[in-house]
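Data first, discussion second: the structure below is written as structure tokens.
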Amino acid sequence: MSATVSPVAGAVSDSVFHVPSAHRQIAMPDGTVLSARVYAPHRAPGETGRPPLLVMPAASYLGEDWYTFEAPRYAAAGYLVVAYAERGIGGSTGYLDFAGSRDIDDLSRVVDWAVDSAQADPARVGVYGCSYGASVGLQAAAADPRIKAVAAFNGWADFFRAFYTHDTEHELSAWFHVLAARAVERPAPDLAAGYREFLRGNSAAVREALRTDDRSVNRRVAGLNANGTAVFMVNNWYDTGVAAPDQIAEFFDALTVPKYLEMRPGEHAEAMPSCLAATLDAVCDRAREWLDLHVLGRPTGMADAAPLAVRPRTAGPDESYPSWQAMAASTATPAPVLPGGSRTVATGRDSGADAGIPVVSPALDKRGLPPTVVMPLLAPTAAAVWQSAPTTAPWAVRGTPRVTLSVTPSAATGTFFAYLYDVDALGVGRLVTHTPYTFRDRTPGVPFTVDTDFTATAYTVPAGHRVALVIDSADPLYRAHNPSGAQLAFADPRLGW
């Protein structure tokens with residue numbers, strides 16, 4: 001694979017590190033031109049040989065200038081850094097591919113150019129990316145054995161599940177992506193078709209149009225494991241963008257390579273701003289130590305780090321585990337028992353319970369203020385509510401709790417939303433986790449059993465509090481499929497793992 005390059009601007013100075021950089025245009029074989037900023041590595045007096053390479057594919061919107069603080073920081077440490085905008089973003093030509101095969105090939109060709117034209121060391125190659133760039137980096141590393149390590153902030157593992165959970169569309173998130181693509185990006189025809197099918201509610205056509213298997217690194221785990229790529233990931237419990245924790249957990253546990261996953265409270269990519277400015281979070285240093293360890297072969301503190309680091313959403317110290325399954329097994333205490341009985345709700349009405357507001361709710365959740373309801377004020381005809389007795393010991397929810405219940409619909413198709421709340425003595429409920437669920441082709445009036453998982457989380461319900469299950473049929477984050485005037489009856493819910 002080969003690429004050509006032409007300069008756009010001369011060397012300039014960036015950030016507090018005063019690292020020289022230059023704009024470059026890297027041409028792909030199909031004529032697409034990627035806009036890049038190349039940061040020269042700091043070289044000690046008398047140092048010779050090829051420098052290590054760090055490739056930084058951009059997140060959306062800001063293109064090659066996304067890493068204007070973090071890139072000079074790595075260059076000052078001796079890396080040749082190539083920060084570039086994927087096709088269809090920023091100054092690059094072509095159409096947005098969203099971590100598809102074209103993006104994967106492009107990253108490898110950027111490595112080719114850095115090795116051939118900038119004299120980077122092909123034996124010491126790392127990738128650093130956020131969101132879209134993180135997913136491109138993981139995908140490319142599964143295909144290119146030259147990539148020794150990836151630092152991925154909030155990449156997705158399953159592209160389809162970035163838009164759907166339990167056959168329920170992530171309405172608000174998808175609209176954000178659609179509008180952003182129309183405003184500042186140039187989506188490829190298959191992506192544009194996928195967006196249209198999403199807006200029409202055609203999930204089968206969405207999977208076909210978006211080629212979700214091609215854009216999902218959980219389908220390429222074998223490549224990462226075969227290449228021995230060291231994978232560093234940072235993700236958030238409350239990700240309303242593209243990377244809910246459940247898909248990340250499955251991908252993480254399937255890796256057999258050196259790996260590290262840090263789960264933190266907060267919204268999609270909330271740690272990245274501190275890495276892009278002078279207010280560095282410690283996680284930025286951990287990413288740097290990971291790359292130094294696995295790209296440079298330099299001993300760092302990450303050599304002894306436990307694979308899974310968890311920061312609970314409730315008060316308490318950070319926790320470490322050898323795997324996601326080990327975390328779940330170590331904390332899988334019996335779930336509180338809910339009372340039996342049936343409840344019926346009228347669909348299409350807001351009960352007062354919901355999963356929160358993107359950006360705002362995650363920011364408040366980090367400060368101990370998750371989405372909150374007052375249980376007695378929930379609309380009785382719109383919400384089905386079951387509450388446990390007060391717990392006799394703290395209930396540590398680590399991982400993915402489940403709910404099993406009977407559902408009797410009045411229509412063949414419908415959607416409901418289940419919420420778990422931590423309820424104090426005053427009846428104030430704080431959201432522990434939630435899940436949407438859409439069913440199709442059911443016989444009206446005939447009950448069926450639903451056994452489904454909630455979104456994974458790390459939350460401890462204090463002793464003496466109750467646990468409440470609330471079910472309704474409307475949530476602003478999702479699209480519901482309830483015919484006008486429909487009703488849903490629920491009976492005998494059980495919580496478990």
Quiz prompt | CA sep, side-chain torsions, deciding dist, call: Glu289, Arg286, salt bridge (charged side-chain N to carboxylate O under 4.0 Å, His left out) | solution = CA-CA 5 Å; Glu289 290 183 6; Arg286 287 191 283 276; over 6 Å; no
Exercise. Evaluate ring-ring contact (aromatic ring centres under 6.0 Å, His included) for Phe454 paired with Tyr419, printing each intermediate quantity in order.
Key: CA-CA 8 Å; Phe454 288 94; Tyr419 310 90; 9.0 Å; no
Quiz prompt | salt bridge (charged side-chain N to carboxylate O under 4.0 Å, His left out) between Arg430 and Asp424, intermediate numbers included | solution = CA-CA 9 Å; Arg430 294 169 176 82; Asp424 65 19; 3.2 Å; yes
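Looking at Asp239 and His268, their side chains do bring a donor and an acceptor atom within 3.5 Å of each other.
Note: Phe163 and Phe159 have perpendicular aromatic rings, judged against thresholds of 30 and 60 degrees for the angle between ring planes. Using the six-membered ring where Trp is involved, Phe98 and Tyr132 have ring planes that are parallel, under 30° apart on the 30 and 60° scheme.
Between Phe416 and Phe490, the distance separating the two ring centers is shorter than 6.0 angstrom.
In summary, Asp365 and Arg313 engage in a salt bridge, as defined by a charged side-chain N under 4.0 Å from a carboxylate O. The residues Asp472 and Arg349 are annotated as not salt-bridged, no charged nitrogen and carboxylate oxygen being separated by less than 4.0 angstrom.
Within the 4.5 Å cutoff, side-chain heavy atoms of Arg220 are placed close to those of Gln139.
Partner of His481 under the side chain to side chain contact (heavy atoms under 4.5 Å, CB included) criterion, chosen from Thr168, Thr415, Asp167: Thr415. Checked options Gln247, His434, His170; the residue passing with Thr165 is His170 (criterion: side-chain hydrogen bond (donor to acceptor under 3.5 Å, both in side chains)).
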